[in-house]
Each structure stands twice: as C-alpha cells, then as structure tokens.
2 protein chains.
Amino acid sequence: MNLIKKTPTIQEVARFSGVSTATVSRALSNPERVSESTRLRISEAVRVTGYTPNQSARSLRQKTARTILVALPDLRNPFFSTILDSIEREAVLRGYGVLIANRFSGDDSGRRMRDYFLSNRVDGLLLFDGSVDLAQLMMLTGNPAPVPLVVACEEIPTAPFHTVRTDNLYAAEQATRHLIGLGHHGIGHIRGPVGNVLTGEREAGYRKAMADAGLAVRSDWIFKGAFDMDAGHAAGQLFAALADRPTAVFAANDESAIGFLSALNQHGIACPRDVSVVGFDDLGIAAHVLPPLTTMRQPREALGRIAAGALIDVIEGQRRSRLPMHMVLSSELIVRGSTSPPAHRAIAPEAAVQLQ
Amino acid sequence: MNLIKKTPTIQEVARFSGVSTATVSRALSNPERVSESTRLRISEAVRVTGYTPNQSARSLRQKTARTILVALPDLRNPFFSTILDSIEREAVLRGYGVLIANRFSGDDSGRRMRDYFLSNRVDGLLLFDGSVDLAQLMMLTGNPAPVPLVVACEEIPTAPFHTVRTDNLYAAEQATRHLIGLGHHGIGHIRGPVGNVLTGEREAGYRKAMADAGLAVRSDWIFKGAFDMDAGHAAGQLFAALADRPTAVFAANDESAIGFLSALNQHGIACPRDVSVVGFDDLGIAAHVLPPLTTMRQPREALGRIAAGALIDVIEGQRRSRLPMHMVLSSELIVRGSTSPPAHRAIAPEAAVQLQ
DNA sequence: TGACCGCATGTAATCGATTGCATCCCTCGT
DNA sequence: ACGAGGGATGCAATCGATTACATGCGGTCA
C-alpha cells in the first residue's frame with residue numbers, strides 16, 4: 001500500500017464494491033433505483049474509501065453549481081450582515097453554497113454577474129443593490145441564459161423580476177404617525193443617500209403622514225443623509241445650529257439616528273426631552289444606545305430567508321408562474337426611550353426658543 | 001439563425017476564428033504562446049460570440065476552483081463582517097471567489113470543511129472560528145489532500161498552521177495600563193465567552209497589567225460574558241448590585257462594553273464619572289455611543305486582507321516555507337470619553353461608598 | 001545541402017461524474 | 001412453453017476546458 005493516497009473517485013468506489021460507476025452514481029443520487037444489497041455494498045465502499053463526489057465534475061455534466069451569488073452594496077452594514085446570515089442558513093439547508101460579491105455596483109457590475117453565471121459558477125443571483133443599472137439587469141434576463149434572479153430590498157415595480165422587500169413607505173408613515181400621535185407638530189427627517197430607492201420611499205411615507213395630519217414639511221428640517229453614522233452626526237450638527245428646531249425627527253435608518261443622537265449629546269441637546277428620535281431597522285445596537293432607540297423593526301431574518309428560498313425555487317423550476325412575484329413583509333414599530341411627548345418635562349431653554 | 005442561442009463554448013470560438021480549441025485555450029491563458037495575428041483573431045471571436053470560459057470544466061481539469069471558503073462563527077457580529085469585507089476585496093483582486101460558511105462550529109464542522117475541499121469546490125480555507133476542534137483541523141492537514149489553511153484571529157501556538165492575528169494579550173495589557181495610568185486601582189473585567197482563545201488572552205493581558213502594577217484582581221470584579229451586548233448588559237446589572245465597585249472596567253470587546261454602558265445608565269451610574277470603561281475592537285459604533293468609547297482598535301481591515309493574501313499564497317504555492325508562519329498585527333489605543341481619572345468630578349454618592 | 005532547432009499549431013487524452021441506451025435475467029400471464 | 005414486461009445493471013458518450021505529445025514549417029549553421 002502506498003502512503004500518498006489520492007483523493008478517491010467514483011471509480012475507486014465502483015471497483016471496491018464490484019459494480020460500475022453508473023450504479024454507484026445512481027445509488028448515491030437515486031437510492032431507490034438500485035437493489036438493497038448493492039446499495040449497502042456501495043455505502044460501505046463509500047465509507048471505507050472516504051469518497052466525496054467531485055462537484056466540478058458534477059457541475060460540468062449537469063450544468064448546475066449548487067451555489068448562489070449574493071450581491072451586496074456593503075457587507076459592513078449590520079443591516080446586510082444579518083440578512084446575509086439568514087440567507088446562508090436557508091441556502092445551506094437546501095444544499096446550496098453562498099458566494100458573495102460585495103461593494104457591488106459600478107459600470108461592470110452587470111457584466112460581473114453575467115460572467116459568474118455564464119461561467120457556471122453560480123445558478124442564480126440574489127441582488128441587494130438597488131444602484132445596479134436597470135439596463136444591465138435586463139440584459140441578464142435575455143438570451144443566452146436568462147439568469148434566475150431575485151431582487152431584494154429594492155423595489156423596481158415595472159421590472160420583470162421577483163422581488164422581496166419590506167413595506168417601506170407604510171412603515172415610514174407609521175413611524176411618523178407615532179411621533180404625531182405623541183403630540184409633535186414640528187417633525188424633521190434625516191434622509192438616506194440620494195438616488196437610493198429606499199430613501200425615496202421612506203421620505204414619501206414621512207411626507208404622506210405629515211400631509212394626512214395637516215402638518216407642514218419644512219425644507220430646512222429635511223437633512224441629507226447616507227445611511228451611516230457620520231451622516232447622522234452631520235445632520236445633528238445642522239440641527240443644533242438651527243434657530244427654530246423641530247421637536248421630533250424621523251431618521252431613515254438606525255445608523256443615522258445613532259449618529260444624530262451622538263451629535264445632539266455633544267451640543268447638550270437631550271433626547272427625548274428636547275427632541276424625540278425615531279430610527280428605522282432595529283439593529284441590535286438600537287436597544288443599547290442612550291436613550292434606547294424607538295425604531296421600525298425590519299424583518300431582516302425573514303427577508304433573507306424568503307429571498308433565498310424564492311431564488312432556489314426559481315433555480316429548481318418550482319416557481320411555475322412566469323409572472324414576477326412581489327413579496328412585501330411588514331415592519332413593526334418598537335417603542336423605546338428615544339420618543340416622548342414634546343416638552344414632556346420642564347421646558348428647557350432649548351425648547352423655550354421655539355415657544356417664544 | 002436560431003433565436004435561442006446556447007451559451008458559447010470554446011468550440012464555437014475555435015470554429016469562428018479558424019483555429020483549434022487548444023490554440024484558443026492558449027491564447028486566453030498564455031497569450032505569449034500564440035502569434036500576434038491569431039491572438040487578435042481569437043480575441044475578436046471571443047468578443048463576437050460573447051464567450052465566457054466554463055469554470056466547472058476548468059476546475060475539473062485543473063483541480064482548482066479559484067474560490068476560498070471563509071468559515072465564521074457569526075457573520076452578524078460587525079467585527080467579522082468588516083473582516084469579511086476586506087477578505088472579499090483581496091480575493092477578488094487576486095481572481096478568487098469567496099464562499100461563506102457561517103455559524104461554523106459543532107461536531108461536523110471538520111467534516112464540512114473537508115467535504116468542501118475534497119469536492120473541489122474550494123481551494124483553501126480561512127478559519128475564524130477558534131471553537132473548531134483541533135483534532136478535526138489536524139485531520140485536514142493529513143492525507144489525502146492537505147488543505148491549504150489559514151487560521152485567523154485565533155492562536156493555536158503549537159499547531160502547524162499559518163495564523164494571522166492581533167497582539168491580543170499585549171493589547172489587553174495596554175488597555176488595562178491606560179486605566180492604571182489614569183489613577184485607577186480597582187479595575188474589573190468583563191470576559192468573553194468561555195472556551196474562546198481570545199477570552200483567555202485578553203483576560204491574561206488584564207491580569208498581567210494588574211500584577212505588574214501590584215494591583216489585586218478581585219474575583220467578584222470579573223464578570224462572565226459572551227462578546228455580545230446582552231452579556232455586557234447582564235454584567236452591568238451585576239455591577240450595579242455590587243456593594244463595593246471598581247472604578248474602572250475593561251471589557252473584552254466593544255459589544256459587551258456597550259451593553260454594560262446601557263445597563264449602567266439604567267441604574268443611574270455615570271460613565272466616566274462613576275466608572276471608566278474600556279472596550280476592545282473599535283467598532284464603528286464605538287465613537288457614537290454615549291459616552292464615546294475608549295477602546296483598543298483592532299486592524300480588522302488589514303487582518304482580513306493579510307489573511308486572504310496569505311491563504312492564496314499558500315494555494316498558489318508561493319509560500320515556499322513549509323514552516324507555519326505566525327503573523328501578529330498591532331492594536332492601537334483609541335482614547336475617547338468613556339475613561340477619565342477616578343472621582344474626577346465631585347464625588348458622587350455611588351463613589352462615596354467606596355471611599356468610606 | 002542537410003541536420004537541427006524552435007515556434008506555432010493541431011490531435012487527442014484527460015479530468016470525474018451523469019445518463020441514454022442496451023443488456024440480462026427473472027417473473028408472470030396465457 | 002414462450003413472449004412480454006420490468007427491474008437491476010453495464011457500456012460508453014457526454015459536459016468544456018486543458019495539456020502532453022506530435023507535426024509542420026522556416027530559418028540557422030556547419
């Protein structure tokens with residue numbers, strides 16, 4: 001016996017169990033197609049040799065990779081990393097591997113996706129980046145090879161893709177209504193990055209709630225943002241400099257809300273005494289900042305799971321309907337300490353200005 | 001011409017440019033081995049047909065997948081998601097794909113890694129999970145197929161793997177010394193999860209600094225933890241219940257420090273007035289909690305980049321040395337608002353108890 | 001001039017599994 | 001007793017690229 005063993009192939013298993021490779025293959029993928037006795041003999045041979053099927057060979061023959069590609073704008077964002085976590089779980093459960101493509105945008109993103117697919121590395125694509133050019137996406141659905149594709153988080157209503165997302169507009173409306181319900185009239189908004197679909201939807205929900213309540217939206221109370229803490233912090237600086245401030249602010253996501261809170265603190269503006277703040281996402285950290293953040297919880301875990309499941313259904317041809325399916329998950333308001341009725345406690349000097 | 005085009009293969013390119021498939025293959029991977037004119041003809045043919053090499057076929061023949069597997073304990077942890085981000089960047093730069101395996105531990109983790117490798121899906125493994133059984137790891141380095149492996153973050157000094165990590169022990173020592181330097185004598189510690197290598201190193205660093213300064217370590221000032229906010233919060237509850245409290249606490253990571261801060265706040269204990277807190281990692285959020293967290297910054301970006309680079313070097317046989325290489329990156333103390341000299345301001349009732 | 005060298009290219013084997021088709025054999029029905 | 005039917009299995013083609021080896025050609029040098 002030689003000391004350097006090579007990794008065993010189906011040939012060895014066949015030889016060892018005295019059958020052909022065809023039978024071994026069948027025993028492994030369609031056990032009911034071989035007899036009891038050979039099945040046992042083969043599984044024993046597999047055990048002894050330590051055989052593991054070669055995925056490249058299988059892929060080549062079956063034109064299938066049992067792998068999905070997840071394209072994300074920014075993995076470092078906890079919002080996405082939670083989703084990725086649940087995608088990975090679901091995928092592994094269904095026997096798929098998960099390849100990641102991060103910072104996924106720019107001119108060649110469409111080509112990159114196409115190449116991954118055409119090179120037979122992946123069977124389908126889960127896209128979380130709304131900034132990918134629509135034309136490039138359409139290219140993927142054409143010939144050759146319409147790529148199994150599920151777009152998540154981002155809504156592209158007119159495009160023929162399956163989408164999974166949350167009820168952003170309605171959720172933003174609810175968040176704003178929560179503030180209105182507490183008695184706030186002057187309510188500001190920290191926007192997301194320009195050009196992002198979510199930014200637009202969340203702002204629209206905010207505006208809708210304000211309009212429905214007959215409240216005016218002041219343009220100097222709309223802060224530009226970027227879904228990150230620094231942007232929220234910058235908004236906080238502007239807020240502090242304002243002569244006439246709103247008594248509440250709805251931030252387009254938790255990170256910007258947190259950055260906003262930290263800026264407020266630097267300026268000695270207290271939350272919720274001087275200003276109530278609502279975030280969006282319910283990141284793990286939201287419950288642990290000071291004050292704990294009221295926020296719209298996004299069902300991130302479910303979103304990842306459902307998106308991955310839908311994609312695999314498409315890949316395996318189990319989505320019979322050729323019509324794109326648009327799934328919408330509900331958000332949930334989580335009330336914590338960052339919101340309260342306006343001027344709840346003794347009127348602070350800050351607030352007095354407004355009431356003059 | 002038919003409307004349903006199949007995805008083009010090297011055969012089509014060969015036919016189109018009037019050469020054999022061998023020449024096409026050479027033109028694509030070793031351009032200098034074919035003549036100028038045919039090279040041009042072939043690249044034109046590639047352009048026209050829209051040819052993309054089939055990776056499964058290439059993998060099968062070359063026994064190479066151009067993919068690495070990254071095994072992580074918990075993707076949702078921002079510490080890991082930042083590292084994963086930089087791994088992905090480096091890998092793409094060098095032409096590799098990144099497959100992820102999350103929540104990677106448990107009995108079959110060794111087998112899962114082995115299967116990924118033996119099935120030819122990945123060329124090597126980047127392991128971030130120190131809880132994987134050492135015996136299972138050793139199995140990977142044996143016959144058949146010694147798996148290219150780089151272990152990151154976790155040190156297994158006696159094991160024959162390349163490792164990349166940070167100077168945990170020294171960093172923990174520095175963090176503790178920072179508190180000592182501020183004049184603290186009573187310093188507590190929030191540990192990481194039991195059994196984790198990092199937990200041990202960070203605690204050891206803490207103990208070393210204490211011992212060097214001639215300070216006693218009180219066992220009721222050592223809180224058990226788990227690298228997450230809930231554990232830090234629980235530690236905070238215990239801390240608040242203490243009759244005799246330390247004036248400073250070194251937490252084994254930022255998340256537990258943040259959870260600790262939030263519990264302190266609930267109990268009306270002020271940081272840094274009543275207690276100084278040092279974290280570990282420097283997550284993005286650390287600068288934005290209240291008060292901003294003093295912490296040991298871990299070079300996460302560099303760590304991911306270097307680990308991925310080293311793994312690919314091993315895969316490509318560029319690490320000539322058979323000796324395992326242990327790389328250690330330096331951490332950096334980031335001083336923010338959560339630390340100050342003890343009893344800095346007027347002595348609070350909380351502190352008075354200790355001074356009685 | 002003829003032996004030789006090296007470059008560009010072609011031929012065909014090869015990687016390892018899957019699968020259409022053929023074969024063998026056993027059982028059952030008439 | 002004989003053919004049909006069907007279950008178990010084997011044979012060999014196949015997926016698409018890479019690559020060892022062969023070939024042919026033009027040029028160099030003795």
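Letters go in sequence order (proteins before strands), and every chain restarts at 1. Because only heavy atoms are used, hydrogens play no part in the values below, and waters and symmetry mates are left out as well, while side chains stay in.
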Results of side chain to side chain donor-acceptor pair (under 3.5 Å) for [X] - residues two or more places apart only:
| X | result |
| --- | --- |
| B/Gln62 | none |
| B/Thr67 | A/Arg121 |
| B/Ser17 | none |

Within the sub-3.5 Å range, which N or O atoms of nucleotides 17-20 of chain D have a protein N or O partner, and how far apart are they?
{"residue": "D/dA17", "atom": "OP1", "partner": "B/Tyr51", "partner atom": "OH", "Å": "2.9"}
{"residue": "D/dA17", "atom": "OP1", "partner": "B/Asn54", "partner atom": "N", "Å": "3.2"}
{"residue": "D/dA17", "atom": "OP2", "partner": "B/Ile10", "partner atom": "N", "Å": "2.3"}
{"residue": "D/dA17", "atom": "O5'", "partner": "B/Tyr51", "partner atom": "OH", "Å": "3.2"}
{"residue": "D/dT18", "atom": "OP2", "partner": "B/Ser25", "partner atom": "OG", "Å": "2.6"}
{"residue": "D/dT18", "atom": "O2", "partner": "B/Arg61", "partner atom": "NH1", "Å": "2.4"}

Hey, what are the protein-to-nucleotides 22-26 of chain C N/O distances that come in under 3.5 Å?
none

Could you check B/Arg41 against B/Glu44 for salt bridge (Lys or Arg N to Asp or Glu O under 4.0 Å), going step by step and ending with a plain yes or no? CA-CA 5 Å; B/Arg41 215 145 22 94; B/Glu44 170 65 6; over 6 Å; no

How would you list, by chain and number, every residue that makes a salt bridge (Lys or Arg N to Asp or Glu O under 4.0 Å) with [X], sequence neighbours excluded?
| X | answer |
| --- | --- |
| B/Glu36 | B/Arg39 |
| A/Arg66 | none |
| A/Asp123 | none |
| A/Arg58 | none |

In whole angstrom, what separates [X]'s [atom1] from [N]'s [atom2]?
| X | N | atom1 | atom2 | answer |
| --- | --- | --- | --- | --- |
| A/Asn120 | D/dG16 | CG | C1' | 10 Å |
| B/Glu32 | C/dC7 | CD | P | 12 Å |
| B/Leu60 | D/dC15 | CG | P | 14 Å |

Which heavy atom in A/Pro8 sits nearest to a heavy atom in A/Gly50, and how many Å separate them? CG-O, 3.6 Å

For D/dG16, take OP1 and OP2 only and decide whether either is under 4.0 Å from a side-chain N or O of A/Lys63. yes

Is the phosphate of D/dT9 approached by A/Ser35 (side-chain N or O, under 4.0 Å from OP1 or OP2)?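 So the side chain of A/Ser35 is within the cut-off, an N or O lying under 4.0 Å from OP1 or OP2 of D/dT9.
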
Helical bend (five base pairs per end, nearest 10°) for the helix from C/dT1-D/dA30 to C/dT30-D/dA1: 50°

Less than 4.5 Å apart, side chain to side chain, heavy atoms only: is that true for A/Arg305 and A/Ile87?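 Answer no - side chains too far apart.
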
Listing request: all side chain to side chain donor-acceptor pair (under 3.5 Å) pairs with a residue in residues 92-104 of chain B, at least two apart in sequence or in separate chains.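 Applying side chain to side chain donor-acceptor pair (under 3.5 Å) to every pair that reaches into residues 92-104 of chain B, excluding sequence neighbours, yields A/Asp85-B/Asn102, A/Asp85-B/Arg103, B/Arg94-B/Asp313, B/Arg94-B/Glu316, B/Tyr96-B/Glu316.
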
Short of 4.0 Å, heavy atom to strand atom, which residues of residues 36-49 of chain B count as contacting DNA chain D? none

Do we see a donor-acceptor contact under 3.5 Å between the side chains of A/Thr82 and B/Arg76?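 Result is no, nothing qualifies.
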
For A/Thr38 and A/Ser35, which I'm curious about, is there any donor-acceptor pair between the side chains at under 3.5 Å? yes

